[in-house]
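Have a look at the structure below before the remarks.
Hydrogens, waters and symmetry mates are skipped; everything else that's a heavy atom, side chains included, is used.
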Amino acid sequence: MQVFKFGGASINDANGVKNLATVLKTVGYENTLVVISAMGKTTNAIEGVIDNYFNNKAELQSSIQDLKKYHNAILLDLFDNEQHVVFKKVATLFDELGVFFDRNKSPDYNFVYDQTICFGELVSTTIVSCYLNDIGLNNYWLDVREFIKTDNYYRSAHVNWELTQAQIATNFNTGVLNITQGFLGSDANNFTTTLGREGSDYTAAIFAYCLNAKSVTIWKDVPGVLNADPRYFENAQLLNTISYREAIELAFYGASVIHPKTLQPLQQKEIPLKVKSFLKPENEGTIVCKGYGIEPAVPCFIVKKSQVLISLSSLDFSYIVEENISDIFNLLHLYKMKVHMIQNSAISFSVCVDDMYRNLEKLLQHLRARFRVTCNENVSLYTIRHYNDASVKQIETGKNVLLKQLTQKTVQIVTK
């Protein structure tokens, strides 16, 4: 059994869907599960729809129609006959999306997000599955929500491994080509949940773990895992091999190629993770496996944009000790802040966070009751693994450095 994952960039148009089929024909698709994300920038577009639902009802239907038009154009390029069953299936999914908005009574943004964002994956997998069947790559379309069971922590749900393994063991046919959605699960009440952005990689790892797969392959628009994001850094280099430990370190600091939670289940069963190019499927790409370090041994750069740096100091110059720090972390947890860096001294404490749930003002109000607070929004957090002097200088040149922290193998720098 092998597990493939294709992201939105790989199927952003009809040619992308056709290329997915070419990849399967090139590398083989027997006993394969294919996990697929939403097409192109669909997830971002549905986030816009959700924003209209809460803040601009007048634009809601128009934004849904834009989604329909985008997917319908792909359908028309892939299927000659508009009477093909796929057109009705996709139309039905969009009708379900509209019905949800009409009938929903919940004011909870996170609940609404998960019930609606899922339509991107449901539509993309429906289109791909029907196209593959049409060209002779017979497959089964699976609703991943019937397999991956989670709690109800919407937008970042935790997997119930016992229930998930039982569902997969009972209902999954390993002897055929299966197509399913990434990113999604369902809770005890069968409401849709999501595993966090970029969670499709995690979906592939969950299935691989439960199925004892021989490998997982993530198909990207890059040749493999690079030592830097080419959108932000010039001359990025391909890493041929990475150990699980090193890959987990890179993921922890925010490397965008591999989702932070993806590697843990794979490491437990020593299932190799391959990262390859869907444009050149015959190339080796990168393999993440048991071993040590990275090859070649070069600095690895990671940047997280749009972060918030919060600096606290005591009002009376008393020490910030365990009790204070515990209270601070309880507040960060309460307001769902993702912490990426901390630094403290006797009377100060700084933390770099991601305000994913838009709770910054509530948090700051709470903190100001006890501390002197400085807040810098829209900062960038740079992390360099296996740094050297030249790599640090490269990051710092021309920037206002707000915070810097070094350990033996890692340096983190917050810049404005």
Side-chain angles (χ1 to χ4, degrees), residues 7-9 37-38 40-52 54-55 109-110 113-114 117 120 154-156 183 194-202 222 226 228-234 236 250-261 300-312 328-329 331-343 349-367 373-385 394-405 410-416:
S37 301
K41 299 296 183 181
T42 295
T43 297
N44 293 338
I46 299 179
E47 288 177 340
V49 172
I50 297 167
D51 184 66
N52 286 335
F54 280 102
N55 302 310
Y109 177 90
N110 299 316
Y113 184 99
D114 278 8
I117 206 76
Y154 298 113
R155 293 183 68 196
S156 191
F183 184 47
T194 59
L195 306 177
R197 289 299 297 265
E198 310 302 329
S200 293
D201 293 359
Y202 189 35
V222 292
L226 305 177
D229 188 331
R231 294 175 298 176
Y232 305 118
F233 299 92
E234 296 180 357
L250 292 172
F252 173 80
Y253 289 113
S256 60
V257 175
I258 303 171
H259 190 278
K261 296 177 288 190
C300 295
F301 299 85
I302 302 158
V303 60
K304 298 184 78 68
K305 302 283 189 177
S306 303
Q307 302 296 292
V308 180
L309 178 63
I310 303 170
S311 299
L312 312 175
I328 293 167
F329 272 98
L331 289 173
L332 292 170
H333 175 72
L334 175 66
Y335 292 113
K336 299 181 178 179
M337 294 289 175
K338 177 66 174 174
V339 176
H340 294 298
M341 179 184 179
I342 61 171
Q343 188 173 99
F349 181 93
S350 296
V351 59
C352 189
V353 300
D354 193 339
D355 183 26
M356 174 181 175
Y357 288 87
R358 306 174 187 172
N359 289 327
L360 179 61
E361 286 308 315
K362 295 177 184 177
L363 172 65
L364 293 178
Q365 188 175 19
H366 219 134
L367 290 171
V373 180
T374 302
C375 178
N376 284 279
E377 299 184 53
N378 198 31
V379 301
S380 296
L381 172 62
Y382 291 89
T383 303
I384 313 173
R385 286 282 292 171
Q394 177 183 340
I395 296 301
E396 293 182 341
T397 299
K399 300 182 181 70
N400 179 19
V401 176
L402 301 177
L403 198 66
K404 182 176 179 179
Q405 188 173 89
T410 306
V411 59
Q412 291 191 284
I413 304 168
V414 179
T415 70
K416 183 68 174 176

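Within a 6.0 Å sphere centred on NZ of Lys336, other residues, nucleotides and ligands contribute more than 12 heavy atoms.
Taken to the nearest 0.5 Å, the OG atom of Ser380 stands 11.5 Å off from the CG atom of Asn400. In this structure, Asp51 CG and Tyr113 OH are separated by 12.0 Å, a value rounded to the nearest 0.5 Å. For the atom pair Lys338 NZ and Leu332 CG, the distance stands at 12.0 Å (nearest 0.5 Å). Atom CD1 of residue Ile413 and atom OG1 of residue Thr383 lie 9.0 Å apart, to the nearest 0.5 angstrom. Leu226 CG to Phe301 CZ: the interatomic distance, rounded to the nearest 0.5 Å, is 12.5 Å. Residue Ile328 holds its CD1 atom at 9.5 Å from CD1 of Ile342, rounded to the nearest 0.5 Å.
The heavy-atom pair separating Leu250 from Cys300 by the smallest distance is CD2-CB, 3.8 Å. Taking every heavy atom of both residues into account, Thr415 and Tyr382 meet most closely at OG1-CE1, 3.4 Å. When all heavy atoms are compared, the tightest approach of Gly120 to Thr42 is CA-CG2, 3.8 Å. When all heavy atoms of Val353 and Met337 are compared, the pair lying nearest together is CG2-SD, 4.0 Å. Looking at every heavy atom in both residues, Ser200 comes nearest to Ser37 through OG-OG, 3.0 Å. Scanning all heavy atoms of the two residues, the minimum distance from Ser350 to Leu403 falls at CB-CD2, 4.0 Å.
Relative ring orientation between Phe54 and Tyr109 is described as tilted, the plane-to-plane angle lying within the 30° to 60° band.
Looking only at distances, no side-chain donor or acceptor of Asp201 sits under 3.5 Å from a matching main-chain atom of Ile258. Of the possible polar contacts, one joining the Gln343 side chain to the Lys404 backbone as a donor-acceptor pair under 3.5 Å is found. Side-chain N or O atoms of Gln307 include one that pairs as donor or acceptor with a backbone N or O of Lys305 at under 3.5 Å. At least one donor-acceptor pair closer than 3.5 Å links the side chain of Lys261 to the backbone N or O of Leu195.
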N/O donor-acceptor pairs under 3.5 Å from side chains in residues 356-367, not counting sequence neighbours:
from, atom 1, to, atom 2, distance (Å)
Asn359, ND2, Tyr335, O, 3.1
His366, ND1, Tyr335, OH, 3.2

Intermediate values then yes/no, side-chain contact (heavy atoms from CB on, under 4.5 Å), Phe233 and Val303: CA-CA 10 Å; Phe233 299 92; Val303 60; 4.0 Å; yes

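Taking the side chain as every heavy atom from C-beta outward, His340 and Tyr253 never approach each other to under 4.5 Å.
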